[in-house]
Every structure is written in structure tokens, then in C-alpha cells.
Asker: 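Here it is: the structure, laid out below.
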Amino acid sequence: MAITLGANQYGKAEVRLVTVRREGPVHHLKDLTVSTSLRGRLTATHLTGDNADVVATDTQKNTVYAFAKEHPVGEIEDFALRLGRHFVDGFDAITGARVLVDEHAWDRIAVDGAPHEHSFSRAGDERRTTAVTVYGDRAWVVSGLTGLTVLKSTGSEFHGFPRDRYTTLAETTDRILATAVTARWRYVSGRHDWHKCFTEVRRVLLETFATKHSLSLQQTLYAMGEAVLRAREEIAEIRLSLPNKHHFLVDLSPFGLTNDNEVFYAADRPYGLIEGTVLRDDAEDAGQAWHTLPAF
Ligand SMILES: O=c1[nH]c(=O)c2[nH]c(=O)[nH]c2[nH]1
């Protein structure tokens, strides 16, 4: 029996980086979580412990901080591309790099209605994300967002599903629809206006969720993905993961009360999980873009 080393990668996970850029008295904050992972000629360290080709994960972490000082961080996609290119071009043994960046948003605190120069409050759980893969001369960018929680209090139905002896769910023509959107979209190759594209995708996702009359969360997922692809030609493919945050009508009849779609129990688990990909039929090959990322 022969035993060999299979696919492997290594790096520093979740480097927390905060930068302050000063424009006179006005400060600009960037709050990032950066993970790097490298691939390449790494058999020796696994088989014999020879570390001649191992760029230490501590060095990877230091590089993140040093890069943040040496150039303005800018858009997370550009920062990740610079880091990935550095590891692949700078070390012979390293042939591929994957850099994940999550950006945590902060709002300026309003003081007497005016945005404060250097005081902020966390904008919530939502994060903007990117996953950049550099492999040889090529690079793939998959950007997205996660934790975008949305709810509509009407405009959602769910009926017509099969009933068997285990089915108890009532059909409904008017329910609450709520989810926390995770979206990842793959750019066609090249550089794009990352900031504008992110802002537009987020807007289109929200507007479509709000305005599409929903017969199922699956239908809403497809409509959201389709609207993004119609709005942004630089996006080849979008994957959405939508937990169905159920709001169940509370049975108030024991108290002699009716419930006309007014009082709900917000269940946190279990939850339906609706996931899918929407893509152009002529999209260029995804290459390494989704490699080792979650399926959706
Ligand atoms: O939009 C929905 N899709 C489902 O597949 C499903 N299943 C379920 O119990 N409720 C819902 N809602």
C-alpha cells in the first residue's frame, strides 16, 4: 500500500487589522479580518520537516500589517490581490495564494446631527467579503457580503407543496419572509470598480427582495441573482445562501383571542436553508475561483 500527501495549504487565519487614515482632523477607519493560505512545493515539510520552502505563517501575518502601512489599503479586492501576488511572485516554491478579506463596517457617531470626526459605532453584523485566488499569472476575484438581514411583512406566499402523512405546515398566501443574505459573486477576469459594483449589487439584492412578490424563497433567490447579473456585466456568476428565518403565527385561541397575522414567534432553529447559483450561460471558466470556498 502506497501512502501519499494529498492537497494541502497553510496560512494565517483571521488576522485582525484596523487602520486609521487621517485627513486633518477627520479620521477614516478600516476594520478587516484577513486570512492567507499558500500552496506549492510543500511536500518536504510534511514528509521530512525540511522547512526551506515554508513561508512562516507568522511572516504572512506580518506581511499583512506591513502592506497596510506601505500602501493605503483601499478596496479589499485590491489589498487581497497585492498580498496574493506578493507571495506567489516572491517565493519560488509558492505557486498559489488564497487571500480572504472580510470588512466590518463602522458608522460615524452623530453628535447634534453631524457625523463625528473620529468616533464610530459598529454598523452591525453585516460584512463585505472577498476571496482572491492568485495562481501563476492569473487571478480570480469572488466578492460578496454576509449577514445582511432582511424581512418583509407581506408579499410572500408558500403553498402548493406536496402533502403526505408527515406534513403539518399550513398553506399560506400571506406570511413574513425573513433571511440573512450571504452572497458571493465571481467577477470576470480583469480589474473592476470594486466599490461601485459592491454598492450596486447590495442595492439590487435589497430592492429585489423588497419588490419581488414571493411564492417561495427559492423563487426570490433566483430573482435576486438574475437581477444582479442583469445589472452588472462584470459579474459572471452569483451564489446565494438564504436561511429561512421562520416567523410562526402564535396560536392565541387558548386565550380566546384571534391572530390576524399580527403576533409571531421568531424561531431561530431549525431553519430552512435555501442555496443556489445563478450564472450566465456564456460565462468564462471559473478556474480556481471557488476552490476551497464554501459551495455557496
Ligand atoms: O419558501 C419556502 N421554501 C421552502 O422550501 C419551504 N419549506 C417550508 O417548510 N417552508 C418553506 N418556504
Side-chain angles (χ1 to χ4, degrees), residues 124-129 131 142-186 198-232 235-255 257-281 283 286 290 293-296:
D125 291 339
E126 186 184 342
R127 280 170 287 144
R128 176 179 166 183
T129 64
V142 174
S143 292
L145 53 79
T146 189
L148 174 60
T149 302
V150 290
L151 179 150
K152 60 198 287 183
S153 51
T154 190
S156 167
E157 311 183 25
F158 189 64
H159 46 78
F161 47 88
R163 304 200 78 86
D164 69 3
R165 63 199 178 103
Y166 302 122
T167 306
T168 56
L169 184 71
E171 306 214 333
T172 175
T173 54
D174 191 4
R175 67 173 181 174
I176 287 181
L177 186 64
T179 186
V181 179
T182 295
R184 297 178 203 280
W185 53 90
R186 174 170 68 86
F198 170 80
T199 309
E200 283 297 296
V201 171
R202 188 177 183 282
R203 182 183 63 76
V204 168
L205 289 172
L206 288 173
E207 285 185 9
T208 309
F209 175 82
T211 57
K212 174 77 185 174
H213 186 92
S214 177
L215 298 177
S216 65
L217 188 49
Q218 288 88 332
Q219 185 199 23
T220 297
L221 179 151
Y222 184 78
M224 290 165 75
E226 183 185 20
V228 167
L229 294 186
R230 290 203 189 285
R232 305 306 309 178
I235 296 178
E237 172 181 347
I238 180 166
R239 299 183 177 190
L240 289 155
S241 177
L242 303 180
N244 193 352
K245 293 172 139 329
H246 302 297
H247 288 66
F248 296 117
L249 270 184
V250 178
D251 178 9
L252 298 177
S253 61
F255 322 121
L257 299 170
T258 56
N259 190 350
D260 302 321
N261 240 358
E262 289 179 305
V263 180
F264 298 87
Y265 162 62
D268 69 339
R269 65 192 70 177
Y271 52 91
L273 184 58
I274 311 300
E275 302 185 297
T277 305
V278 186
L279 67 171
R280 295 182 197 284
D281 59 3
W290 296 104
L293 280 178
F296 290 95

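Hydrogens, waters and symmetry mates play no part in the numbers below; they use all other heavy atoms, side chains included. Order of appearance sets the numbers: ligands from 1, and atoms from 1 within every ligand.
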Asker: What about R175: any of its N or O atoms under 3.5 Å from an N or O on ligand 1?
Answerer: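 Such a contact does occur with ligand 1.
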Asker: Please indicate whether R230 has more than 12 foreign heavy atoms, meaning atoms of other residues, nucleotides or ligands, lying under 6.0 Å from its CZ.
Answerer: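 No, because the 6.0 Å sphere around CZ of R230 holds 12 heavy atoms or fewer from other groups.
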Asker: Name the closest protein heavy atom to atom 9 (O) of ligand 1, giving the residue it belongs to and the distance to 0.1 Å.
Answerer: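 Checked against all protein heavy atoms, atom 9 (O) of ligand 1 sits closest to L169 CD2, 3.4 Å.
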Asker: Under 3.5 Å, which donor-acceptor pairs link side chains of residues 262-276 to any protein atom two or more places apart or in another chain?
Answerer:
unit_1, atom_1, unit_2, atom_2, d
E275, OE2, S241, OG, 2.8

Asker: Could you measure the distance from the OG1 atom of T220 to the NZ atom of K152? Nearest 0.5 Å is fine.
Answerer: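 Between T220 OG1 and K152 NZ, I get 6.0 Å after rounding to 0.5 Å.
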Asker: At less than 4.0 angstrom from any non-hydrogen atom of S216, what atoms of ligand 1 do you find?
Answerer: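 In order of number, 1 (O).
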Asker: Can you tell me if Y222 has over 12 outside heavy atoms packed within less than 6.0 Å of its OH?
Answerer: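 Counting other residues, nucleotides and ligands, OH of Y222 stays at 12 neighbours or fewer.
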Asker: Please list, in number order, the atoms of ligand 1 under 4.0 Å from a heavy atom of L217.
Answerer: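 So the answer, numbered in order with elements, is 1 (O), 2 (C).
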Asker: Is there a polar contact between ligand 1 and F158, counting only N or O atoms under 3.5 Å apart?
Answerer: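 N/O-N/O distance under 3.5 Å: no.
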Asker: Whether E126 and R202 form a salt bridge (side-chain N of Lys/Arg under 4.0 Å from carboxylate O of Asp/Glu) is what I want to check.
Answerer: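 Result for this pair is yes, salt bridge flagged.
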Asker: Do any nitrogen or oxygen atoms of Q218 lie less than 3.5 angstrom from nitrogen or oxygen atoms of ligand 1?
Answerer: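 Checking ligand 1 against Q218, an N or O pair does fall under 3.5 Å apart.
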Asker: Which ligand 1 atoms does N244 reach within 4.0 Å, using its non-hydrogen atoms?
Answerer: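 Taking each heavy atom of N244 in turn, ligand 1 has 2 (C), 11 (C), 12 (N) under 4.0 Å.
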Asker: Out of the candidates T179, T149, V181, only one should pair with P243 under the side-chain contact (heavy atoms from CB on, under 4.5 Å) rule; please name it.
Answerer: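 It is T179, the one option of T179, T149, V181 that forms the side-chain contact (heavy atoms from CB on, under 4.5 Å) with P243.
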